[in-house]
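For ligands, and for the atoms within them, numbers begin at 1 and follow the listed sequence.
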Amino acid sequence: MTTATSFPLTFELTPSTATRAAAERDEILADPGFGKHFTDHMVEITWTVDDGWHGAQVKPYGPLRLDPAASVLHYAQEIFEGLKAYRHADESIWSFRPQANAARMQRSARRLALPQLSEEDFVESLRQLVAVDGSWTPSAPETSLYLRPFMIATEAFLGVRAAHRVGYYVIASPAGAYFTSGVKPVSIWLSTNYSRAGKGGTGAAKTGGNYAASLLPQAEAYEHGCAQVLFLDSVEGAYIEELGGMNIVLAYKDGTLVTPESDSILEGITRDSILQLAEDRGHRVERRRVALDEWRDGVDSGDITEVFACGTAAVVTPIGLLKGEGVSIGSADAVAGELTMSLRQELTDIQYGRAEDRHGWMTRLDR
Ligand code: PLP
Ligand code: COI
């Protein structure tokens with residue numbers, strides 16, 4: 001779907017009259033958790049089939065007014081993104097490869113028959129929010145301001161077709177670690193009864209329905225003491241795909257890193273970056289189908305030495321054990337792998353401005 005947008009958008013600001021006092025904000029920033037607290041403002045941009053993108057604004061954070069017939073509520077025409085703003089030692093605020101999130105949101109939009117927002121307007125929407133709410137970016141190690149752009153079909157119409165009215169929003173949430181257990185190996189539940197996405201479906205798009213499909217198996221994971229659920233391909237049930245909210249990478253003892261290639265998984269920006277850093281170090285990287293049997297056999301023979309999950313929220317998290325009906329690979333007592341942890345360190349050093357940004361991945365948001 002194309003857009004009749006006038007480029008670039010200009011944003012109007014309506015300041016909140018209920019901004020939290022510095023003391024209240026500091027209390028939240030001292031222990032933000034993940035996804036629980038939200039800043040004082042939000043971005044809204046409207047799209048209509050006749051006028052394209054317009055009405056860009058930064059306004060007080062608050063409930064949306066939606067018609068009960070809004071098609072997002074019935075047919076789930078929705079997409080989102082997730083990226084972080086990092087505070088550097090000199091107080092400046094940066095995001096990591098936001099252009100890649102913009103491009104992925106355009107791909108998601110295409111699959112969900114939503115209008116595409118330009119990369120420039122996407123990045124500008126983040127800058128606009130940080131301009132008013134940048135003080136919500138925490139500075140303690142491993143913390144950030146999680147930015148959540150999303151797009152929903154707001155047209156009040158119950159016929160099943162792409163909506164003629166759409167809203168794009170950005171909200172922001174100060175964030176600490178996603179896994180409360182800290183950076184230590186997690187156990188993962190293998191879902192053999194449920195798929196996250198099917199052939200030709202929406203698996204490669206960042207759309208709410210994929211996450212809704214993961215909630216029941218994710219609940220099973222929790223019941224079995226696991227932090228996340230791993231999905232297999234839905235055709236043969238033999239190849240590993242990804243976790244409910246992150247990608248997966250296997251490391252061989254010769255240094256080769258292997259990650260599933262599939263058109264039903266979300267192409268993670270963290271994964272792409274980690275694999276680039278590994279290639280820079282001379283590691284071989286393979287993006288190909290990975291059978292569950294390969295993982296089992298590799299761990300049994302000692303050829304696979306480390307497995308980790310990666311994503312914006314999870315950063316890089318070692319996986320100790322994979323368990324499921326009749327499946328147990330690895331150990332819950334595993335220690336975090338050296339390669340996993342050094343790649344994690346290198347990535348976060350770049351993100352927090354402690355290491356040279358040799359790939360030009362960082363974009364300053366606070367000016
Ligand atoms: N896979 C899924 C299903 C996700 O939700 C995410 C997180 O956004 C990822 C992978 C990793 O993507 P990224 O590294 O771009 O955050
Ligand atoms: C992210 O890492 O940004 C995600 O979207 C994963 C999850 C929090 C939904």
Could you tell me whether L243 and ligand 1 have an N or O pair separated by under 3.5 Å?
no
Give the residue, atom name and distance (to 0.1 Å) of the protein heavy atom nearest [atom].
atom: atom 6 (C) of ligand 1; value: G245 O, 3.3 Å
atom: atom 5 (O) of ligand 1; value: Y211 OH, 2.5 Å
atom: atom 1 (C) of ligand 2; value: Y146 OH, 3.4 Å
atom: atom 16 (O) of ligand 1; value: T312 OG1, 2.6 Å
atom: atom 14 (O) of ligand 1; value: T270 OG1, 2.6 Å
atom: atom 2 (O) of ligand 2; value: A313 N, 2.8 Å

[X] with [Y]: basic N within carboxylate O range, under 4.0 Å:
X: E81; Y: R148; answer: no
X: R127; Y: D366; answer: no
X: R358; Y: E356; answer: no
X: E142; Y: R344; answer: yes
X: E286; Y: R284; answer: yes

Row check, F231 ring normal vs R196 NZ/CZ: under 6.0 Å, within 45°
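No - R196 does not lie over the ring of F231 by the 6.0 Å and 45° rule.
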In terms of atom number and element, which parts of ligand 1 are under 4.0 angstrom from non-hydrogen atoms of [X]?
X: G311; answer: 11 (C), 14 (O), 16 (O)
X: G268; answer: 11 (C), 12 (O), 13 (P), 14 (O), 15 (O)
X: R104; answer: 12 (O), 13 (P), 15 (O)

Could you walk me through whether W94 and Y86 satisfy the ring-ring contact (aromatic ring centres under 6.0 Å, His included) test, starting with their C-alpha distance in whole Å, then the side-chain angles of each, then the deciding distance to 0.1 Å, before giving a yes or no?
CA-CA 5 Å; W94 299 73; Y86 305 88; over 10 Å; no
Would K206 count as a contact of ligand 1 if the rule is a heavy atom under 4.0 Å away?
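So K206 counts as touching ligand 1.
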Any non-hydrogen atom of G244 lying under 4.0 Å from ligand 1?
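Yes.
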Heavy-atom check, side chain of L126 versus side chain of L83, under 4.5 Å:
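In short, these two side chains touch, coming nearer than 4.5 Å.
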Note: K206, heavy atoms under 4.0 Å from ligand 2, region reported as side chain
For K84, which part has a heavy atom under 4.0 Å from ligand 2: side chain, backbone, both, or neither?
neither
I'd like to check which ligand 2 atoms, numbered from 1 as shown, lie under 4.0 Å from a non-hydrogen atom of G245.
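Matching atoms, with element in brackets: 6 (C).
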When the ring planes of Y168 and W53 are compared, do they come out parallel, tilted or perpendicular, using 30° and 60° as the limits?
perpendicular
Under-4.0 Å heavy-atom contact with ligand 1, by part of K84 that carries it:
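The answer is neither.
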Give the contacting part of E242 toward ligand 1: side chain, backbone, both or neither, where contact means a heavy-atom distance below 4.0 Å.
side chain
Under the criterion side chain to side chain contact (heavy atoms under 4.5 Å, CB included), I'd like the reasoning laid out for R97 against M362: C-alpha separation, chi angles, the key distance, then a yes or no.
CA-CA 6 Å; R97 304 184 71 185; M362 303 305 292; over 6 Å; no
Hey, is M246 one of the residues with a heavy atom under 4.0 angstrom from ligand 2?
no
Mind listing the closest non-hydrogen atom pair of A251 and L339 along with its distance?
CB-CD2, 4.1 Å
